[in-house]
A.B. asks: 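Structure below; questions to follow.
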2 protein chains.
Amino acid sequence: MQEKLRNIEIFSSLNNDSLNLLARHCRLVNHRKGTVLIHADKVEPYFYILESGIARAYSDGENQQITFWFGQAGDVLLSYNSYINNKPGYENLELLEDSSLFRIKLLDLFKLYDQHLALANWGRKIAERELIATERRLIDRSFKDATQRYREFVNQQPELIKRVALKHIASYLGVTQVTLSRIRASDK
Amino acid sequence: MQEKLRNIEIFSSLNNDSLNLLARHCRLVNHRKGTVLIHADKVEPYFYILESGIARAYSDGENQQITFWFGQAGDVLLSYNSYINNKPGYENLELLEDSSLFRIKLLDLFKLYDQHLALANWGRKIAERELIATERRLIDRSFKDATQRYREFVNQQPELIKRVALKHIASYLGVTQVTLSRIRASDK
DNA sequence: TGCTACATTTTACAAATGTTAAAAAATGAA
DNA sequence: TTCATTTTTTAACATTTGTAAAATGTAGCA
């Protein structure tokens with residue numbers, strides 16, 4: 001198992017001992033496109049690391065769903081809200097393609113955090129990294145208009161543009177699908 | 001020092017030993033309103049915990065500044081980008097009132113993270129908590145219009161409304177000051 | 001092939017927000 | 001207080017984005 005994990009960027013800061021500890025609790029599972037791995041209205045017992053495939057995190061509103069995160073191979077799929085507050089939250093996690101994932105029990109992760117310094121710091125860095133990315137997106141909503149945000153998304157996430165439905169990308173960028181269509185039309 | 005720290009909510013999960021370790025590196029400093037404690041174009045050597053006063057984090061654009069975070073007594077003032085990537089970033093931190101703050105050298109914090117399990121987990125939880133708050137704000141930008149965002153801000157942050165200039169609150173909410181004025185006018 | 005469901009684009013119109021400039025109000029210092 | 005500065009509001013107009021509905025495109029399947 002640890003050979004497979006070793007290839008994933010997010011584990012590169014871990015030495016072999018720490019990685020083995022994680023790997024011991026790790027199981028490789030497959031799920032089909034459309035599977036909702038994490039439900040907003042439940043406290044889910046697992047977190048995942050994408051081995052292959054694409055996922056999105058979304059939040060349900062009255063009339064719409066907002067996609068606020070995309071995950072690709074190597075990314076951690078984790079409902080931070082349910083995991084920190086031990087309560088159902090606002091995050092759903094859905095697979096947008098048939099995927100294979102490493103699955104780990106959250107209880108095991110917590111135990112590792114409480115026993116193993118390197119893993120606690122690894123978990124800290126994952127959250128910090130995600131925080132910076134989210135903060136930047138929030139700032140970009142103010143600094144950049146929808147057209148700029150779309151163009152940068154195209155440049156920075158060429159894989160996602162190819163493989164993800166535009167309706168999801170529209171809500172990720174903070175506009176309606178109609179607006180996204182207009183942007184794309186004027187970009188030709 | 002640790003008696004003072006003990007009163008701060010963010011330290012409540014730490015036992016006395018851990019808190020003492022932190023307190024040993026902690027110095028209480030005072031700064032005047034308007035002081036920029038952390039500059040986006042520098043790698044700053046300290047992080048702070050607000051003892052009293054109010055602060056904002058902002059990012060500079062060509063024609064405007066975006067305020068993306070407010071801090072009040074008990075909050076951690078930290079440039080995550082500079083601290084994670086060890087590079088200048090996008091975050092400025094300015095005091096909006098005369099303030100007193102606990103100041104700690106980031107190098108000391110890093111050492112503590114690498115040596116002390118409880119503190120590493122403490123740092124992890126701070127980042128995770130901040131991540132959830134930021135994620136929610138990003139989602140709210142899509143789900144709620146400016147009027148709703150303003151009203152919720154008023155309800156949830158009554159202190160900030162009283163003490164912070166509206167121009168900063170406008171940019172925090174993701175609208176121009178003119179729009180915020182209109183919302184306030186129609187709310188009477 | 002033709003049917004079905006779903007995704008995307010287009011259109012026309014409405015609503016929200018931005019821009020610019022100026023006036024009014026509030027703040028702070030001498 | 002008075003003056004100068006800054007903040008906030010108001011106004012008029014431009015632009016962007018949203019909404020709803022129809023048209024078109026696409027993929028899978030019987």
Side-chain angles (χ1 to χ4, degrees), chain A residues 32-36 54 56 58 61-68 70 94-98 137-154 157 160-188, chain B residues 32-36 53-54 56 58 61-67 70 94-98 137-154 157 160-188:
Chain A
R32 311 227 59 167
K33 169 177 177 166
T35 305
V36 178
I54 290 190
R56 70 171 180 126
Y58 67 93
E62 286 173 31
N63 314 308
Q64 44 174 346
Q65 276 183 354
I66 301 297
T67 296
F68 60 88
F70 288 117
E94 179 192 8
L95 296 178
L96 299 177
E97 297 181 351
D98 294 353
R137 285 185 55 213
L138 184 66
I139 295 169
D140 279 356
R141 286 272 173 108
S142 296
F143 274 136
K144 297 170 184 166
D145 63 20
T147 304
Q148 271 180 288
R149 296 203 298 279
Y150 171 70
R151 287 189 187 144
E152 288 180 13
F153 185 86
V154 171
Q157 308 287 351
L160 291 179
I161 279 286
K162 271 183 255 167
R163 290 156 69 181
V164 174
L166 288 171
K167 63 178 176 179
H168 297 319
I169 291 171
S171 97
Y172 180 86
L173 293 173
V175 294
T176 60
Q177 199 180 350
V178 175
T179 297
L180 181 57
S181 250
R182 282 194 276 242
I183 290 167
R184 287 161 52 83
S186 75
D187 248 16
K188 283 169 192 163
Chain B
R32 313 228 57 171
K33 171 177 174 166
T35 306
V36 178
I54 290 191
R56 71 174 180 124
Y58 67 94
E62 286 175 31
N63 314 307
Q64 45 174 347
Q65 277 184 352
I66 302 296
T67 297
F70 289 118
E94 178 193 8
L95 296 177
L96 299 177
E97 297 180 351
D98 294 353
R137 286 185 55 212
L138 184 66
I139 294 169
D140 280 355
R141 286 273 172 107
S142 297
F143 275 136
K144 297 170 184 165
D145 63 19
T147 304
Q148 273 180 288
R149 298 204 298 279
Y150 171 70
R151 287 188 185 145
E152 288 179 13
F153 185 86
V154 170
Q157 307 288 350
L160 291 179
I161 279 285
K162 273 183 255 168
R163 289 156 70 181
V164 173
L166 288 171
K167 64 178 176 178
H168 295 139
I169 291 171
S171 97
Y172 180 85
L173 294 173
V175 293
T176 60
Q177 197 178 353
V178 176
T179 297
L180 180 56
S181 251
R182 281 194 277 241
I183 291 168
R184 287 160 55 81
S186 75
D187 248 15
K188 285 171 192 164

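Computed from heavy atoms alone, side chains included, the values below leave out hydrogens, waters and symmetry copies. In what follows, chains carry the letters A, B, and so on, assigned in the order in which the sequence lines appear, proteins first and then strands, with residues in each chain numbered from 1.
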A.B. asks: Who are the ring-ring contact (aromatic ring centres under 6.0 Å, His included) partners of A:F153, not counting sequence neighbours?
C.D. replies: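 ring-ring contact (aromatic ring centres under 6.0 Å, His included) list for A:F153, sorted by chain: A:Y172.
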A.B. asks: Would you indicate which nucleotide in D:dA12, C:dT8, C:dT10 comes nearest to any side-chain atom of A:V178?
C.D. replies: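 Closest of the options to the side chain of A:V178: C:dT10.
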A.B. asks: I'd like a table of donor-acceptor pairs (distance under 3.5 Å, sequence neighbours excluded) in which one partner is a side-chain atom from residues 173-182 of chain A, with atom names and distances.
C.D. replies:
from   : atom 1 : to     : atom 2 : distance (Å)
A:T176 : OG1    : A:T179 : N      : 3.3
A:T176 : OG1    : A:T179 : OG1    : 3.2

A.B. asks: Hey, which of these two, B:A185 or A:R149, hits DNA chain D nearer its 5' end, going by closest nucleotide?
C.D. replies: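 Per heavy-atom nearest nucleotide, the more 5' residue is B:A185.
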A.B. asks: Minimum heavy-atom separation for A:I169 and A:V164, please, with both atom names.
C.D. replies: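 Taking every non-hydrogen atom into account, CD1-O, 3.8 Å.
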A.B. asks: Hey, does the side chain of A:R184 come within less than 4.0 Å of C:dT8's phosphate (OP1/OP2), counting only N and O?
C.D. replies: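 No, A:R184 has no side-chain N/O under 4.0 Å of OP1/OP2 on C:dT8.
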A.B. asks: Please state whether the phosphate of D:dT10, meaning OP1 or OP2, lies under 4.0 angstrom from any side-chain nitrogen or oxygen of B:S181.
C.D. replies: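 Looking at the OP1 and OP2 atoms of D:dT10, neither is under 4.0 Å from any side-chain N or O of B:S181.
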A.B. asks: Between C:dT17, D:dT17, D:dT7, spot the one nearest the side chain of B:D145, thanks.
C.D. replies: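 Looking only at side-chain atoms, B:D145 lies closest to C:dT17.
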A.B. asks: The helix from C:dT1-D:dA30 to C:dA30-D:dT1: angle between its terminal axes, five pairs each, to 10°?
C.D. replies: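 Rounded to the nearest 10 degrees, the bend comes out at 40°.
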A.B. asks: Would you indicate which nucleotide in C:dG18, D:dT8, C:dG28 comes nearest to any side-chain atom of B:T179?
C.D. replies: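 Selected nucleotide (nearest to the side chain): C:dG18.
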A.B. asks: Among B:R141, B:Q64, B:Q65, exactly one meets side chain to side chain donor-acceptor pair (under 3.5 Å) together with A:S142. Which residue is that?
C.D. replies: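 Result: among B:R141, B:Q64, B:Q65, B:R141 is the only option passing the side chain to side chain donor-acceptor pair (under 3.5 Å) with A:S142.
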A.B. asks: Quick one: label B:R182 by what it contacts on the DNA or RNA (base, sugar-phosphate, nothing), any heavy atom closer than 4.0 Å.
C.D. replies: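 Base, at least one base atom sits under 4.0 Å.
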